[in-house]
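Heads up, the thing below is written out as structure tokens.
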Amino acid sequence: QWVYNILEKKAEADRIVHENPDPSNGFVLVPDLKWNQNQLDDLYLIALVHRREIKSLRDLTAEHLPLLRNILQEGKEAIVKRFGVPSSQLRIYLHYQPSYQHLHVHFTALGYDAPGSSVERAHLLADVIDNLAMDSMYYQKRALTFPLRADEPLFQKFQEAGKL
């Protein structure tokens, strides 16, 4: 609901750094709640797509390339304009598994060791775009590894199914 409240401007409208209102290829860029916005060393923003049917990396196909390219280009431009951080100093990625089921992209300072920014969970947006340009169904076909904590329900389900 938090995501939908932001997209519908029922919450955090004053925190929006950038918005592309296009219903198909647009998004909202907001500071992540983990970032207090007082320093740039731990810069952390999230791009939330307007489309509600895209839940995660697994849903993406070549059809979504215009959306992903908009997020990459406009997100970088908005951050340099608002915060003066060049794109060469940004890590731009998606999580798999995501923490919530609505497509979102993380923008963090390159030097910041953000939670979930490690290779086991983070997929660079530029790589995602390249992979989908080569094969529209790349993320439906590819095996994706990801870490799970022992107390997570999904971990328990894997255990019960004998998949660990």
- Query: Has Arg52 got its NZ or CZ under 6.0 Å from the middle of the six-membered ring of Tyr4, at an angle within 45 degrees of the ring axis?
  - Reply: yes
What distance do [X] atom [atom1] and [Y] atom [atom2] have between them, rounded to the nearest 0.5 Å?
X: Leu90; Y: Lys76; atom1: CG; atom2: NZ; result: 8.5 Å
X: Leu103; Y: Leu68; atom1: CG; atom2: CG; result: 7.0 Å
X: Leu65; Y: Ser136; atom1: CG; atom2: OG; result: 7.5 Å
X: Leu125; Y: Phe107; atom1: CG; atom2: CZ; result: 6.5 Å
X: Thr108; Y: Arg91; atom1: OG1; atom2: CZ; result: 5.0 Å
X: Ser56; Y: Leu94; atom1: OG; atom2: CG; result: 9.0 Å

Specify the closest pair of heavy atoms between [X] and [Y], including all atoms of both residues, with the distance to one decimal.
X: Tyr139; Y: Leu60; answer: CB-O, 4.4 Å
X: Tyr93; Y: Ala122; answer: CD1-CB, 3.6 Å
X: Leu29; Y: Ala47; answer: CD1-N, 3.9 Å
X: Pro23; Y: His50; answer: O-CB, 4.0 Å
X: Leu132; Y: Ala62; answer: O-CB, 3.8 Å
X: Leu45; Y: Phe83; answer: CD2-CE1, 3.9 Å

List in chain and number order the residues that pass side chain to side chain contact (heavy atoms under 4.5 Å, CB included) with [X], two or more places apart in sequence or in another chain; answer none if no residue qualifies.
X: Ser99; result: His104, Arg121
X: Asn5; result: Gln1, Lys10, Ala11
X: Pro66; result: Asn25

Any chain of hydrophobic side-chain contacts (each under 4.5 Å) joining [X] to [Y]?
X: Ile71; Y: Val85; result: yes
X: Leu124; Y: Ile92; result: yes
X: Leu110; Y: Ile46; result: no

- What pairs meet the salt bridge (charged side-chain N to carboxylate O under 4.0 Å, His left out) rule with one or both residues in residues 13-26, with sequence neighbours excluded? Lys9-Glu19, Glu12-Arg15
- Partner set under ring-ring contact (aromatic ring centres under 6.0 Å, His included) for Tyr96, not counting sequence neighbours: Phe146
- Contacts of type ring-ring contact (aromatic ring centres under 6.0 Å, His included), residue Phe158, not counting sequence neighbours: none
- Message: Once side chain to side chain donor-acceptor pair (under 3.5 Å) is applied, do any residues pair with Glu63, and if so which ones, sequence neighbours excluded?
- Response: Arg51
- Which residues satisfy the side chain to side chain donor-acceptor pair (under 3.5 Å) test with Arg82, sequence neighbours excluded? none
- Task: Check the pair His123, Leu144 against side-chain contact (heavy atoms from CB on, under 4.5 Å), reporting the backbone distance first and the verdict last.
- Result: CA-CA 10 Å; His123 298 264; Leu144 296 172; 3.8 Å; yes
Just so I know, are the side chains of [X] and [Y] near enough to count as touching, which here means a heavy-atom distance under 4.5 Å?
X: Ile54; Y: Leu67; value: yes
X: Leu43; Y: Ile79; value: yes
X: Val17; Y: Val30; value: no

- Just by modelled atom types, is the Val49 backbone N or O under 3.5 Å from a matching donor or acceptor in the His102 side chain? yes
- Has the side chain of Gln140 got a donor or acceptor atom that lies under 3.5 Å from a matching backbone atom of Arg58? yes
- So Leu57 and Tyr138, side-chain contact (heavy atoms from CB on, under 4.5 Å) or not? Walk me through it. CA-CA 10 Å; Leu57 185 63; Tyr138 183 88; over 6 Å; no
- Message: Quick test of your reading: applying side-chain hydrogen bond (donor to acceptor under 3.5 Å, both in side chains), list the pairs with at least one residue in residues 66-75, sequence neighbours left out, ordered by first then second residue.
- Response: His18-Glu74, Asn20-Glu74, Gln73-Glu77
- Any pair with a residue in residues 37-47 that passes side-chain hydrogen bond (donor to acceptor under 3.5 Å, both in side chains), sequence neighbours left out, goes on the list, sorted by first then second residue, please. Trp35-Asp42, Asn36-Gln39, Gln39-Asp42, Tyr44-His106
- Asp59 meets the salt bridge (Lys or Arg N to Asp or Glu O under 4.0 Å) criterion, sequence neighbours left out, with none
- Under the salt bridge (Lys or Arg N to Asp or Glu O under 4.0 Å) test, residues paired with Lys34 that sit two or more places apart: Asp32
- Message: Within a 6.0 Å radius of atom NZ on Lys157, are there more than 12 heavy atoms belonging to other residues, nucleotides or ligands?
- Response: no
- Task: Could you go through the side-chain contact (heavy atoms from CB on, under 4.5 Å) check for Val28 and Ile6 one step at a time?
- Result: CA-CA 8 Å; Val28 171; Ile6 292 172; 4.1 Å; yes
- Query: When you look at Tyr100 and Val3, which way does the side-chain contact (heavy atoms from CB on, under 4.5 Å) test go after all the steps?
  - Reply: CA-CA 9 Å; Tyr100 50 93; Val3 171; 3.5 Å; yes
